[in-house]
Amino acid sequence: MSVRRKSSGGTLARAAGYLLVMTLICGLAFPLAVTGASQLLFPHQANGSMIVVDGVNYGCELLGQEFSDMDHLWGRIMNVDTGGFTDEEGNPRMYGWASNLSPASPEYEELVARRVELLRQAHPEEELKAVPVDLVTCSGSGLDPHISPAAAAYQVSRLAAHTDFSEEEIQAIIDKYTEGRFLGIFGEPRVNVLKVNLALDGIL
């Protein structure tokens with residue numbers, strides 16, 4: 001019996017030691033190493049990909065912001081709500097979600113039709129062009145920060161009419177903030193809406 005108790009005690013001690021070592025490695029050393037490496041190699045991404053100009057934080061370049069005024073580029077439809085939640089300072093906590101409407105449902109068809117009509121009213125000069133699909137649908141996250149180059153080009157005439165920029169200048173801004181395919185082959189070219197609007201405001 002004494003031999004068994006001694007063996008059990010040794011096993012318990014080894015298990016506790018193993019748990020302590022793995023806790024230090026996985027719970028302390030590895031997170032510190034990853035955090036340090038990310039801050040050293042990718043500081044912008046590691047700190048939230050925030051757009052900061054002259055000390056002012058204008059938002060994250062990877063999260064969409066809602067624009068509906070005539071002198072800014074419009075992004076994708078956003079599904080956002082506060083749910084009644086606020087932070088410690090009383091500011092609303094926003095969250096996004098994907099639409100749960102079926103693309104084959106009458107409700108979804110009516111919703112898209114209303115969005116198309118609103119876009120056509122705001123862009124009468126583009127009446128002969130099809131409305132880009134990403135301007136009337138939301139992304140899976142409901143917070144997509146990008147639109148297609150076609151969706152941005154659709155809005156150039158409106159922006160020129162409501163800003164001090166010419167169509168050529170606006171297109172040049174759009175081209176500047178158009179991101180290509182990842183590694184040249186994955187995904188599609190996309191325009192960062194927030195960066196374009198900050199440039200139109202003279203901030204970027």
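Note that the numbering runs from 1 along the sequence shown for the chain. What you see is a predicted model; the values in this text were computed from it and never measured.
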Find out whether E179 and P189 are in side-chain contact, i.e. whether some heavy atom of one side chain is under 4.5 Å from a heavy atom of the other.
-> no
Nearest 0.5 Å, what's the NE2-CE distance between H162 and M70?
-> 4.0 Å
Under a single-linkage definition using a 4.5 Å side-chain heavy-atom cutoff for Ile, Leu, Val, Met, Phe, Trp and Tyr, are V191 and I51 assigned to the same hydrophobic cluster?
-> yes
Worked verdict on L204 versus Y177 for side-chain contact (heavy atoms from CB on, under 4.5 Å) | CA-CA 11 Å; L204 286 183; Y177 296 108; 3.5 Å; yes
Side-chain (E126) to main-chain (S157) donor-acceptor, under 3.5 angstrom = no
Of V136, L143, D144, the residue whose pairing with R76 passes side chain to side chain contact (heavy atoms under 4.5 Å, CB included) = D144
Test item: side-chain donor near acceptor, E188 and S148, under 3.5 Å = no
How many angstroms lie between CG in L135 and CG in L119, if you round to the nearest 0.5 Å?
-> 5.5 Å
Can any side-chain N or O of N197 pair as donor or acceptor with the backbone N or O of L73 at less than 3.5 Å?
-> yes
Inter-residue atom distance Q155.CD - I174.CD1, 0.5 Å rounding = 7.5 Å
Go through the steps for D71 and L200 under the test side-chain contact (heavy atoms from CB on, under 4.5 Å), then give the verdict.
-> CA-CA 8 Å; D71 57 351; L200 291 175; over 6 Å; no
Heavy atoms only: give me the nearest S166-E169 pair and the separation to one decimal.
-> N-OE1, 2.9 Å
May I ask you to decide if A152's main-chain N or O and W74's side chain share a donor-acceptor pair within less than 3.5 Å?
-> no
Rounded distance [0.5 Å steps], OG1 in T23 versus CG in L28 | 10.0 Å
Step by step, work out the side-chain contact (heavy atoms from CB on, under 4.5 Å) result for V53 and L198.
-> CA-CA 10 Å; V53 181; L198 291 176; 5.7 Å; no
Roughly how far, to the nearest 0.5 Å, is the NZ atom of K195 from the OG1 atom of T178?
-> 11.0 Å
Look at the rings of F67 and H72 and say which category their plane angle falls in: under 30° parallel, 30 to 60° tilted, over 60° perpendicular.
-> tilted
Does N192 use its side chain to pair, donor to acceptor, with the backbone of E61 at less than 3.5 Å?
-> yes
Counting only heavy atoms not in D164, do more than 12 sit closer than 6.0 Å to its CG atom?
-> no
Between S38 and T35, is there a donor-acceptor pair closer than 3.5 Å when you use the side chain of the first and the backbone of the second?
-> yes
Taking it one step at a time, do R158 and E125 satisfy side-chain contact (heavy atoms from CB on, under 4.5 Å)?
-> CA-CA 8 Å; R158 169 178 59 82; E125 66 283 348; 4.2 Å; yes
Under 6.0 Å from the CD atom of E109, do we count more than 12 heavy atoms belonging to anything else shown?
-> no
Roughly how far apart are L194 CG and H146 NE2, rounded to 0.5 Å?
-> 10.0 Å
Does any donor atom in the side chain of Q171 or E167 lie under 3.5 Å from an acceptor atom in the other side chain?
-> no
Exercise: identify the closest heavy-atom pair between P43 and N47 = O-ND2, 2.7 Å
Here the pair of heavy atoms bringing I170 nearest to A160 is CD1-N, 3.2 Å
